[in-house]
Visitor: 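One structure coming up, written as structure tokens, with questions to follow.
Read the numbers this way: they start at 1 and go in the same order the structure lists the ligands and their atoms. Start at 1 with the first residue, then count along the sequence. In what follows, every heavy atom counts, from backbone to side chain, and hydrogens, waters and symmetry copies are set aside.
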Amino acid sequence: MKQRPIYSYPIDEVIQKRWSPRAYAPTPLSDEQVLTLLEAARWAASCNNQQPWRFIWSHNDGSEKYQKLLACLADGNRAWAQHAPVLIMVLNYPPYKPCGPRNQWALYDLGLAVGNLTTQASLMDLYVHNMAGFDEAKVRELFEIDAEMSPVTMLTVGHLGDISILNDFNQKRELQVQVRKPLDELILF
Ligand SMILES: Cc1cc2nc3c(=O)[nH]c(=O)nc-3n(C[C@H](O)[C@H](O)[C@H](O)COP(=O)(O)O)c2cc1C
């Protein structure tokens with residue numbers, strides 16, 4: 001059983017509940033569940049309402065799209081992510097105007113969108129794990145994305161599963177208590 005951290009202040013249960021698991025149950029999600037998560041992302045705030053995020057997603061259904069997504073992952077992530085019922089790639093698509101020449105807030109906006117998605121997931125008893133460990137060149141090659149788009153993170157989503165499906169290394173990681181810098185360190189003034 002995963003030990004829960006001690007919070008400095010009593011934050012809401014929906015935020016307490018979130019963590020990044022690696023052991024997922026094989027239970028498939030419905031299209032409606034996944035689209036509900038993407039809809040939650042859609043309603044995030046963004047600079048000038050430009051919504052500079054895009055998604056490529058698949059159920060773990062052996063389809064060509066799923067195989068391509070899985071192939072983009074770093075080996076260490078693929079080892080456990082292959083058991084998750086859903087994979088989502090999140091891409092940044094920064095419009096160049098009117099949020100400045102490069103829309104420097106585009107990644108911030110994308111993070112807010114994934115934050116919405118993640119909170120919605122918690123409310124649905126689903127768990128999200130972000131992965132920066134993927135091969136960007138492979139994403140470009142396999143999905144032929146627009147040159148102005150950049151893959152930023154890949155997500156696994158699903159219900160919590162039995163940790164016995166993981167190797168020893170990942171079983172230990174799964175049981176580690178979440179740690180954070182003290183709040184004092186994060187507040188400058
Ligand atoms: C942008 C981003 C990239 C991440 N990349 C990986 C990854 O490639 N592999 C992995 O196992 N975890 C990855 N993580 C998960 C973090 O390690 C995890 O969020 C952090 O240790 C805090 O743990 P918690 O989410 O359980 O609270 C990533 C998280 C974020 C936000």
Visitor: By ring-ring contact (aromatic ring centres under 6.0 Å, His included), which residues pair with His159, not counting sequence neighbours?
Guide: none
Visitor: How would you list, by chain and number, every residue that makes a salt bridge (charged side-chain N to carboxylate O under 4.0 Å, His left out) with Glu141, sequence neighbours excluded?
Guide: none
Visitor: Can a side-chain donor-acceptor contact be found between Tyr24 and Thr156 if the only test is distance below 3.5 angstrom?
Guide: yes
Visitor: Side-chain contact test, heavy atoms from C-beta onward, threshold under 4.5 Å: evaluate it for Gln50 versus Tyr93 and give yes or no.
Guide: no
Visitor: Could I get the full list of ring-ring contact (aromatic ring centres under 6.0 Å, His included) partners for Trp57, not counting sequence neighbours?
Guide: His59
Visitor: Applying a heavy-atom distance cut-off of 4.0 Å, which protein residues contact ligand 1?
Guide: Arg18, Trp19, Ser20, Arg22, Asn77, Trp80, His129, Asn130, Met131, Ala132, Gly133, Gln178, Arg180
Visitor: Considering only heavy atoms from C-beta outward, does the side chain of Leu73 approach that of Leu70 to under 4.5 Å?
Guide: yes
